[in-house]
Amino acid sequence: AQRVTQPEKLLSVFKGAPVELKCNYSYSGSPELFWYVQYSRQRLQLLLRHISRESIKGFTADLNKGETSFHLKKPFAQEEDSAMYYCALPVYGGATNKLIFGTGTLLAVQP
Amino acid sequence: EAGVAQSPRYKIIEKRQSVAFWCNPISGHATLYWYQQILGQGPKLLIQFQNNGVVDDSQLPKDRFSAERLKGVDSTLKIQPAKLEDSAVYLCASSSSPDPTDTQYFGPGTRLTVL
């Protein structure tokens with residue numbers, strides 16, 4: 001079955017500490033993965049996609065096909081990074097092509 | 001550009017009552033999505049429209065939920081009758097194409113509480 005797993009509901013770190021938000025996937029094929037973010041009182045929005053290999057707001061994510069993971073990393077956390085982060089996997093199935101979201105991880109960056 | 005608009009932002013109803021949510025997507029976006037997000041879970045797709053046609057409604061509980069996008073722009077999602085387990089945030093999103101790798105732009109959501 002195609003699914004996305006985010007094992008941590010909450011990740012609390014201190015400002016300046018490294019951050020790693022975990023995402024594991026199950027997909028038969030070559031996946032494309034995304035990270036969406038929701039800051040407090042804001043809309044859910046795209047943070048980054050693995051295919052572009054970009055760094056957004058200091059965050060990067062590398063697709064590891066061997067470990068079926070797409071962890072989101074940042075070397076030095078900032079208080080403004082506090083938000084809900086969702087890993088998402090596009091799935092294709094005939095007429096049904098859709099984005100599957102993980103359950104999300106709340107990142108809390110303490111001062 | 002203006003973002004995805006949704007109304008109302010909050011709604012409280014009693015079980016067995018009816019409720020409707022409205023969404024206006026980003027201008028020019030042919031693809032519109034309705035998601036249900038239950039507390040502690042990620043968004044789950046309920047229905048996807050391409051223009052005014054339904055692409056995927058496999059996860060929509062059709063005995064009580066209905067949705068339409070008559071003119072290919074605005075969309076309405078209705079629940080009739082509501083159950084306690086329908087309490088959730090209902091998110092509308094739009095994108096320029098039905099490819100799930102295309103960026104989806106989300107509205108602020110409607111928080112529904114069923115008592």
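Below, each value reflects all heavy atoms present in this structure, side chains not excepted, and no hydrogens, waters or symmetry copies. Just so we're on the same page: letters track the sequence lines, and every chain starts at 1.
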**Prompt:** Which atom names give the shortest non-hydrogen contact between A/Tyr86 and B/Gly42, and what distance separates them?
**Reply:** CE2-CA, 3.8 Å
**Request:** Using side chain to side chain contact (heavy atoms under 4.5 Å, CB included) as the criterion, point out the one residue from A/Ile100, A/Asn97, A/Val91 that pairs with B/Pro100.
**Result:** A/Asn97
**Message:** For the backbone of B/Tyr105 and the side chain of A/Arg43, can you confirm whether one donor and one acceptor N or O come within less than 3.5 Å of each other?
**Reply:** no
**Message:** Check this for me: A/Glu54, atom CD, are more than 12 non-hydrogen atoms of other residues, nucleotides or ligands nearer than 6.0 Å?
**Reply:** yes
**Heavy atoms of other groups near A/Phe76 CZ, more than 12 under 6.0 Å** = no
**Message:** So which residue, A/Thr103, A/Leu89, A/Val4, ends up with the most heavy-atom pairs under 4.5 Å with chain B?
**Reply:** A/Thr103
**Prompt:** Heavy-atom distance under 4.5 Å to chain A: side chain of B/Gln104, backbone, both or neither?
**Reply:** both
**Item:** Taking every non-hydrogen atom, the tightest pair across A/Tyr92 and B/Thr101
**Value:** OH-CG2, 3.2 Å
**Request:** Could you list all the ring-ring contact (aromatic ring centres under 6.0 Å, His included) pairs where at least one residue sits in residues 64-97 of chain B, not counting sequence neighbours?
**Result:** B/Phe21-B/Tyr90
**Message:** Counting only non-hydrogen atoms closer than 4.5 Å, does B/Gln59 touch chain A with its backbone (N, CA, C, O), its side chain (CB onward), both, or neither?
**Reply:** side chain
**Message:** Counting only heavy atoms not in A/Glu67 (residues, nucleotides, ligands), do more than 12 fall under 6.0 Å from its CD?
**Reply:** no
**Prompt:** Of all heavy-atom pairs between B/Tyr35 and A/Leu99, which one has the smallest distance, and what is that distance?
**Reply:** OH-CB, 4.0 Å
